[in-house]
Each structure stands twice: as structure tokens, then as C-alpha cells.
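The block underneath contains the structure these notes are about, expressed in C-alpha cells.
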Amino acid sequence: MQNSYARQRGLPLVVQTASIFLAAVMSLSYASVASAADEEAAAETRVSLTHKGEGEARSTRDYASTSTDEFPALETNTQKDGASQEPRKPSAASDQQESAFGDYWIYSVDVELFNDSDRDGFFHGIDLLFDADTVYAIADVYAVAYLSYEGGPWNEYAVSPDITLFGSTSTDDYVLVTELLTGYPSGRYDILIELYESSTGLYVASAGPSESFELVDLPLEDANRDQPQQPVSVTRGGGGASNTAFLIALLAVLLLLKQRDRGHAHRGNES
């Protein structure tokens with residue numbers, strides 16, 4: 001009688017201990033998965049595929065060239081307090097001497113987003129058309145395009161070959177059609193375009209969020225994240241150490257509860 005009573009008193013403590021152990025295993029499992037995902041995103045190299053050509057190529061798809069470009073991992077807003085910051089200018093512009101003010105400018109820009117395979121409102125394709133002008137009758141420049149993720153630093157994602165400008169005509173517009181392949185988490189992005197003289201490498205003009213609403217708050221993600229939803233299937237086996245620990249803890253709780261029920265029944269028979 002005494003041993004039975006002692007077993008019954010000890011059971012709640014054992015059950016609580018098993019429950020705490022079970023919760024700890026689940027918490028560690030989730031934390032491990034989240035940490036691995038964060039580390040993977042932080043170290044992910046950015047890759048983009050860009051078609052380049054004169055403005056009419058937007059409709060004809062007759063591009064002058066295509067390149068696959070690889071860049072370092074995306075720089076984001078790393079402030080510890082989580083406060084947003086204004087996108088900083090790329091180092092390329094700040095380190096270069098500018099040409100005479102007003103000699104070049106970007107007259108207009110237009111952005112069309114494409115490719116939303118999973119239909120979640122985030123696209124992995126950017127069709128960027130711009131018309132640059134100059135005071136000179138003819139001049140060669142090249143363009144560099146940047147993306148800013150959620151108000152963070154600017155990240156280069158595409159570069160054009162030399163573009164020949166003919167004064168202020170509208171026949172020298174240019175298009176960069178880019179697919180973001182990897183390294184771009186889902187979020188809101190801004191675009192910045194910078195122009196440089198081909199012969200000197202001098203920074204001559206730019207257009208960004210302050211100049212055009214077309215370049216602001218674009219819902220983007222890379223192609224790896226833009227995958228159609230697959231049906232959920234349940235498979236047997238596998239699962240790793242965390243799943244094994246989970247099952248052991250669950251089995252222990254069930255066995256202890258069963259022993260408690262037997263103890264109650266035995267006590268009832270003795271009384």
C-alpha cells in the first residue's frame with residue numbers, strides 16, 4: 001500500500017520532467033533550423049541573368065548581349081536596433097570624380113516586373129528601361145543598376161555595355177532585362193541607375209527613388225524562392241536525432257500515464 005502511494009506521488013513530477021524535456025527538444029530543434037536558415041541566407045552568393053539591348057528589344061526580344069553575373073552576398077540593413085536607414089550611395093559613385101554638372105541626365109525610366117511562379121505577389125524578373133541624354137551630339141556611357149533591400153545599402157545587380165547617346169533624342173533608350181536567380185530574399189526593393197563616361201570612367205548622372213516613383217518599393221525575390229507550391233506529402237522513416245528524441249520523450253510520457261492509471265486501479269482494489 002505504501003509503495004503504491006509513493007509511486008503515485010512521484011508520477012506527476014516525472015510527467016512534468018518529461019514534458020519539460022519534450023518542450024526543450026522541440027525548442028532546440030526549431031532554433032537550430034532557424035539559425036541554419038539565417039546563416040545560409042547571409043552567406044548566399046547573388047546571381048543574376050541579364051539581357052541587354054536597345055529599347056526596342058523590350059518588344060522584339062532581340063537583345064545585343066546576355067550575361068550571367070555573380071556578386072557577393074546581399075548587404076542589408078544591419079543596425080542592431082532594427083531601425084530603417086536611408087540607402088547609401090554605392091562606393092563606386094562616391095569615390096569617382098564627377099563630370100561637369102548637367103552634361104548628362106536620365107530623362108525617363110520605366111520598370112516592369114515579371115515571373116511570379118508561385119503567385120505570392122513577389123517577382124524575380126526586372127525589365128528596366130531608361131532614356132539617358134547629354135548636351136553633346138554624341139557620347140558613350142555605361143550604366144550600373146543597383147538594388148536596395150528594405151531600405152538597406154545599394155547592391156549592384158547589372159551592368160550594361162557601352163551605350164551611345166545622341167544628344168537628347170528619344171531613340172537611344174536602353175533596356176536591362178534581369179532575372180534574379182539566387183541571393184535575394186522576398187521583400188521590397190528600390191532601384192538606382194548610375195551612368196559613367198565610357199572613356200574616363202567618371203560618374204555623370206543617376207536616377208533613383210528620389211527621381212522616379214517607378215524605382216520605389218518593388219516586390220522582388222529570387223527564382224529559388226519563387227517556386228510553385230507543391231502538394232504536401234507524408235513519408236515514413238528518417239527525421240534525424242531531434243525527431244528520435246521527440247518520439248522517445250512522447251513514448252515515456254505515455255508509459256508513465258499508463259502506469260499512473262494502473263496505480264489508481266490497484267489502490268481502488270486494495271481499498
Side-chain angles (χ1 to χ4, degrees), residues 30 32-53 57-58 61 63-79 82 84-92 109-130 142-161 174-194 207-209 212-232:
Y30 293 144
S32 176
V33 171
S35 177
D38 291 342
E39 292 178 1
E40 181 181 357
E44 192 173 13
T45 300
R46 292 180 295 124
V47 180
S48 58
L49 173 69
T50 302
H51 305 286
K52 312 165 188 182
R58 174 179 258 192
R61 306 303 183 196
Y63 302 108
S65 63
T66 299
S67 67
T68 300
D69 305 301
E70 184 172 319
F71 303 97
L74 185 74
E75 289 188 49
T76 61
N77 183 355
T78 57
Q79 291 183 354
S84 60
Q85 63 181 23
E86 287 297 319
R88 62 171 174 80
K89 282 286 185 180
S91 58
V109 296
D110 182 66
V111 177
E112 294 181 0
L113 303 183
F114 63 96
N115 284 352
D116 179 16
S117 301
D118 57 10
R119 299 184 180 181
D120 62 351
F122 292 89
F123 300 80
H124 72 265
I126 308 169
D127 185 330
L128 173 62
L129 178 74
F130 58 92
Y142 67 90
V144 182
Y146 303 84
L147 285 171
S148 167
Y149 171 70
E150 302 286 356
W154 292 109
N155 296 264
E156 178 182 327
Y157 80 90
V159 182
S160 78
Y174 202 85
V175 66
L176 296 171
V177 181
T178 302
E179 292 184 66
L180 306 176
L181 302 181
T182 63
Y184 295 89
S186 305
R188 298 285 174 170
Y189 291 78
D190 297 337
I191 293 180
L192 172 69
I193 314 165
E194 290 188 336
S212 174
F213 69 90
E214 291 274 353
L215 305 176
V216 180
D217 202 31
L218 304 173
L220 298 171
E221 64 185 359
D222 60 45
N224 282 349
R225 293 173 170 85
D226 187 23
Q227 298 294 328
Q229 296 296 324
Q230 300 294 330
V232 177

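Small disclaimer: the values here were computed from a predicted structure and weren't measured.
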Heavy-atom side-chain contact between [X] and [Y] under 4.5 Å:
X: V177; Y: F114; result: yes
X: R46; Y: L147; result: no
X: D118; Y: Q227; result: no
X: E150; Y: N77; result: no
X: E179; Y: S48; result: no
X: L74; Y: P185; result: yes
X: N115; Y: F123; result: no

Inset, instruction - Just do the side-chain contact (heavy atoms from CB on, under 4.5 Å) check on Y149 and L220 with the steps written out, would you? - result: CA-CA 9 Å; Y149 171 70; L220 298 171; over 6 Å; no
Legend entry - Working for side-chain contact (heavy atoms from CB on, under 4.5 Å), residues S160 and L176: CA-CA 7 Å; S160 78; L176 296 171; 4.1 Å; yes
Inset, instruction - Please determine if D116 and R119 form a salt bridge, counting it only when a charged side-chain N lies under 4.0 Å from a carboxylate O. - result: no
Legend entry - Y157: which of I126, V144, D69 passes side-chain contact (heavy atoms from CB on, under 4.5 Å): I126
Legend entry - Worked check of side-chain contact (heavy atoms from CB on, under 4.5 Å) between Y184 and E221: CA-CA 5 Å; Y184 295 89; E221 64 185 359; 5.8 Å; no
Legend entry - side chain to side chain donor-acceptor pair (under 3.5 Å) partners for D127, two or more places apart: R58
Legend entry - Residues L128, L215; criterion side-chain contact (heavy atoms from CB on, under 4.5 Å); working and verdict: CA-CA 9 Å; L128 173 62; L215 305 176; 4.1 Å; yes
Inset, instruction - Supply the atom-to-atom distance R188 CZ to D217 CG, rounded to the nearest 0.5 angstrom. - result: 5.0 Å
